[in-house]
Amino acid sequence: MRVSTSMIFDAGVSSMNKQSADLLHIQQQIASGRRILRPSDDAVAAARALEVTQSSDILTQFTTNQKSAMSALGLAEGQLASATEILQRVHELTIQAGGPALTAVNRQAIAVELRALYGNLMGIANSADGQGQFQFSGYQGSTKPFSGTVDALIAGAEITYAGDDGLRKIQVSAARQIEISDSGSDIFVRNGNGESVFKSLATLIAELEANDTSGLTTAITKITNAGDNILRVRAAFGSRMNELESLGYLNQDLSVQYAQTLSDLQDLDYAKAISDLTLKQNQLQAAQESFSKISQLSLFDYLR
Amino acid sequence: MSIFNVAITGLNAAQVGILTTNHNIANASTAGYNRQQIIQSTNTPMFTGAGFIGQGTNVETIRRVYNQQLSEQVLAASTGASEMDSYLSQIGQIDNLLADPNAGLSPALSSFFAAVQEMAAYPASLPARQALMSAGEALVARFQAIDQRMTEIRSGVNGMVTSEVTAINSYARQIADINQRIVLAQATGPNQPANDLLDQRDQLIADLNTKIRASTILQSDGTYSVFIGNGQPLVVGTQPYALQAIPDPVNPQHIIVAMQSPGGGTITMPESMLTGGSLGGLLKFRSESLEVAQDALGGIALTLAQDFNAQHQLGQDLTGALGGQFFDASQIDPLNPRAADLRLAINDPRAIAAAVPIRTAVSNANTGTATIDAGSISSTASLPLAGTVTLTYDSGTNQFVVSGPIVAGPFAYTAGTPISFAGMSVTISGSPSNGDNFTIINNTSGVADNRNALLLGSLQTANTMAGGTATYQSAYSTLVAQIGNKTREVEITGKAQQSLLEQAQSTRDQLSGVNLDEEAANLLRYQQAYQAAAKVIAIAGTLFDEILALGR
């Protein structure tokens, strides 16, 4: 084969260019730690990585949402736990008030404590969350759900619930929106007594203030019913919190899986990259050396 | 005397040989140079009684070592390689643009929907609403930035099309000019090729082919006619025909190529005719990749805006008003969608419609155990409600009748099956008793209601793109994969064309290229021939002296 002088130069330069380009690519991969520098390096993996990243971002958001839901439920549960304690105290006081040795003054003293407990319970029913939103007013977060004094209730009126039955929900997984509230009406009104816990309490106070013990048995039943109803709501909250906890574990597992998938898709295998780098380096050196030797050969050197 | 004559023919031939070798050495690295060699033959011998006596040598011609077919192979490979080269350098920009994991659309999309979720968790919180608005602005800005970058690439392509056309016209003029000179040169010496001019013309044709695929026909007068596309003449004889770069009458954003018609008007050339070379690569990139990518991005922006607006307009904002538009997509042309035309319509965080405009209730007087869900709406046409809508159960017929400001039904009752009327839908489950009432009212002061926000959030994973088969993210991923695959394809085709070109060049250079060692040897060969011929003259001189010496 006849070889022209420029072929020697062109071929040498072209092969060195190719080696340098490969070297640069490996160098960029090593510097960034990423196998895919641009989508064209592996289009399918690049597109897949974007989708996995979105899934992972959504998962992170769900984890944040789970924490919000957990804290909202925790707050509401805490409030209702206090309500349970109040009703337990009311229960004790009612039983105590039935004691035959008690005088009218004693019963009035109990009524005074019951009035205070009424205020506490009302405070709980009107409690607000961290954002200043009423917790037990359904969708109407800025509407105070309950208002009414003991005396107004004694006078005959039933308390009106100003909220609604709306349940606030938070998206905690792709398929689950968890309720983070319950309506005040469900907690404090619809308790099987046909009247609100406030009304029952007010009636009890009125009776004790009048030193009338005839309604105490009914009062105890009503207080028990109201307390059981709150326990029912708390149990529902508790089971949702359990669910959130197990969802949290699931998310942790998933998040590890996503991270693994992402790493498999786009991260560089350093061992392979460094061995490739050494190989390419050797090839380039060999190309350079052979080129410099071949290009020096010339017959003109021997013409004298 | 004939000894001198014969010797001088040898001297002359050797001199021409040395000159030609010298020319080859001088042009060893001249682009498009084909090595030349002298064709030597014997002079007509003289007939004598003793037979034919040789009369020395002459140089018939100096020819270039050239093979038309090998040259054409180089042209074909080079026009293909230039096309892929110019395509790759353009699409590489989009590839890089989409590559950045922080600058692409994905992170802006994710942040936007994260802000929707955050707002859903705290619907009454103004900071959460403000954060969603800011995330919306960031998303719009990201759409605009990516689209604007593509528009920049497009105007870059326009500029390059114009300069490629200028270069093509310049080559056409030079080829026409050199055609003229070749005709003149070859007229002075009939049958003698004007080697260097031919090389120069071939080099111009080669340069032209790096701009656009062109074919040539050798005319009988020695001129080349050059054609592009399917036979549009660029040069005929000594006449060049200019191309023009003009704005596309249909789509003025594009600069396209036109040819001057003999009548003086311009005829636009379809892109299918303008293939090969860097111009072909630019046009192909524009129609095949840039256009597709920009439309895809615009499509995502348009669909996202429409979907989000539609859901948002079914909601109720913090002030109790029905939701308005969240995005403004009115400037986006559905046929030619550009993401840069997307705007944010909402400018008040309170106007974000997180709530659903209706809510439901179970009448306290009900004796059955049936419950009603929160209700949903598909149209706001009958909202706000002029009063309380009541659904009353009739156990005799097992039906619900709707009364109040909206009258509808009766609807047969099946537990858990939605009852829909006037753009609303509620689901009653359980066992209602005769006369049980369920009510639907306006969601007045429903500031903690986040039902619509949850629906807005669910759009992130809803398949609303590509005929209901893809999410926004997967539509964007598809675009990234499309551009990535195309870039890869162009890269690989480009490499293949490049090695094809190298092979074709090497095959041609094996024949036509200058080898300096070979020229050194030729130099020695002709030097020795010259020295030998000179020696013959010296010997002839001494022979003559011998004759003169006889007379002394």
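The chains referred to below are lettered A, B, ... by the order of the sequence lines, with proteins before strands, and numbering in each begins at 1.
Judged by distance alone, the side chain of A:S6 and the main-chain N or O of B:S29 form no donor-acceptor pair under 3.5 Å. Remark: the backbone N or O of B:D95 is not paired with any side-chain donor or acceptor of A:R38 at under 3.5 angstrom. The backbone N or O of A:V3 sits less than 3.5 Å from a side-chain atom of B:N515, completing a donor-acceptor pair. Between the B:D509 side chain and the A:S4 main chain, no donor and acceptor come within less than 3.5 Å of each other.
For B:L524, the part sitting under 4.5 Å from any heavy atom of chain A is the side chain, from C-beta outward, and nothing else. In this structure, the portion of B:T461 lying under 4.5 Å from any heavy atom of chain A is its side chain and not its backbone. For A:T143, the part sitting under 4.5 Å from any heavy atom of chain B is the side chain, from C-beta outward, and nothing else. Contacts of B:T444 with chain A are made by backbone atoms alone, with heavy-atom separations under 4.5 Å and no side-chain atom involved. If you measure heavy-atom distances from A:F134 to chain B, you find no contacts under 4.5 Å at all. The parts of B:Q117 that come within reach of chain A are both its backbone and its side chain, each placing non-hydrogen atoms under 4.5 angstrom from that chain. Within the 4.5 angstrom heavy-atom criterion, atoms from both the backbone and the side chain of A:E51 approach chain B. Heavy-atom distances place the side chain of B:L523, and not its backbone, under 4.5 Å from chain A. With a 4.5 Å cut-off on non-hydrogen atoms, A:Q171 touches chain B through its backbone and its side chain both. For A:Q140, the parts lying under 4.5 angstrom from a heavy atom of chain B are both the backbone and the side chain. Proximity to chain A involves both the backbone and the side chain of B:V480, based on heavy atoms less than 4.5 angstrom apart. Neither the backbone nor the side chain of A:R48 comes within contact range of chain B; no heavy atom of the residue lies under 4.5 Å from a heavy atom of that chain.
Inter-residue side-chain proximity for B:L516 and A:L299 is flagged as unmet; no heavy-atom pair is nearer than 4.5 Å.
Among A:G166, A:S14, A:A43, the residue with the largest count of heavy-atom pairs under 4.5 Å with chain B is A:A43. Ranked by heavy-atom pairs under 4.5 Å with chain B, the list A:I8, A:I58, A:V44 is led by A:I58. Between chain B and the residues A:R34, A:K18, A:K169, the largest count of heavy-atom pairs under 4.5 Å involves A:K169. No other option in A:I180, A:L50, A:D57, A:D42 has as many heavy-atom pairs under 4.5 Å with chain B as A:L50. Counting heavy-atom pairs under 4.5 Å between each of A:Q266, A:Q133, A:Q54, A:R190 and chain B puts A:Q54 at the top. In terms of heavy-atom pairs under 4.5 Å with chain A, the best-connected choice from B:E518, B:R35, B:K495 is B:R35. Most heavy-atom pairs under 4.5 Å with chain A: of the set B:A448, B:A520, B:S506, this distinction falls to B:A448.
The CG atom of B:N96 sits 9.5 Å away from the CG atom of A:L37 when rounded to the nearest 0.5 Å. B:E502 CD to A:M7 CE: the interatomic distance, rounded to the nearest 0.5 Å, is 11.0 Å. Separation of atoms CD (B:Q510) and CZ (A:R2) is listed at 9.0 Å; rounding is to 0.5 Å. Taking CD of B:Q498 as the start and CG of A:N17 as the end, the distance is 9.5 Å to the nearest 0.5 Å. Taken from CD1 in A:I170 to CG in B:N450, the straight-line distance is 7.0 Å, to the nearest 0.5 Å.
Side-chain polar atoms of B:E118 and A:T64 form no donor-acceptor pair below 3.5 angstrom. Side chains of A:Y139 and B:S445: no donor on one and acceptor on the other come within 3.5 Å.
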Side-chain donor-acceptor pairs under 3.5 Å in residues 472-479 of chain B, sequence neighbours left out?
residue: B:Y472; atom: OH; partner: B:D307; partner atom: OD2; Å: 2.7
residue: B:Q473; atom: OE1; partner: B:S106; partner atom: OG; Å: 3.3
residue: B:Q473; atom: NE2; partner: B:S106; partner atom: OG; Å: 3.1
residue: B:Q473; atom: NE2; partner: B:S477; partner atom: OG; Å: 3.2
residue: B:S474; atom: OG; partner: B:T471; partner atom: N; Å: 2.8
residue: B:S474; atom: OG; partner: B:T471; partner atom: O; Å: 3.2
residue: B:S474; atom: OG; partner: B:T471; partner atom: OG1; Å: 2.9
residue: B:Y476; atom: OH; partner: B:L105; partner atom: N; Å: 3.2
residue: B:S477; atom: OG; partner: B:Q473; partner atom: O; Å: 2.9
residue: B:T478; atom: OG1; partner: B:S474; partner atom: O; Å: 2.6

side-chain contact (heavy atoms from CB on, under 4.5 Å) between B:D517 and A:S298, worked out: CA-CA 6 Å; B:D517 288 345; A:S298 172; 4.1 Å; yes
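At a heavy-atom cut-off of under 4.5 Å, chain A is reached by B:A481, B:G484, B:N485, B:T487, B:R488, B:E491 from residues 481-494 of chain B, listed in order of number.
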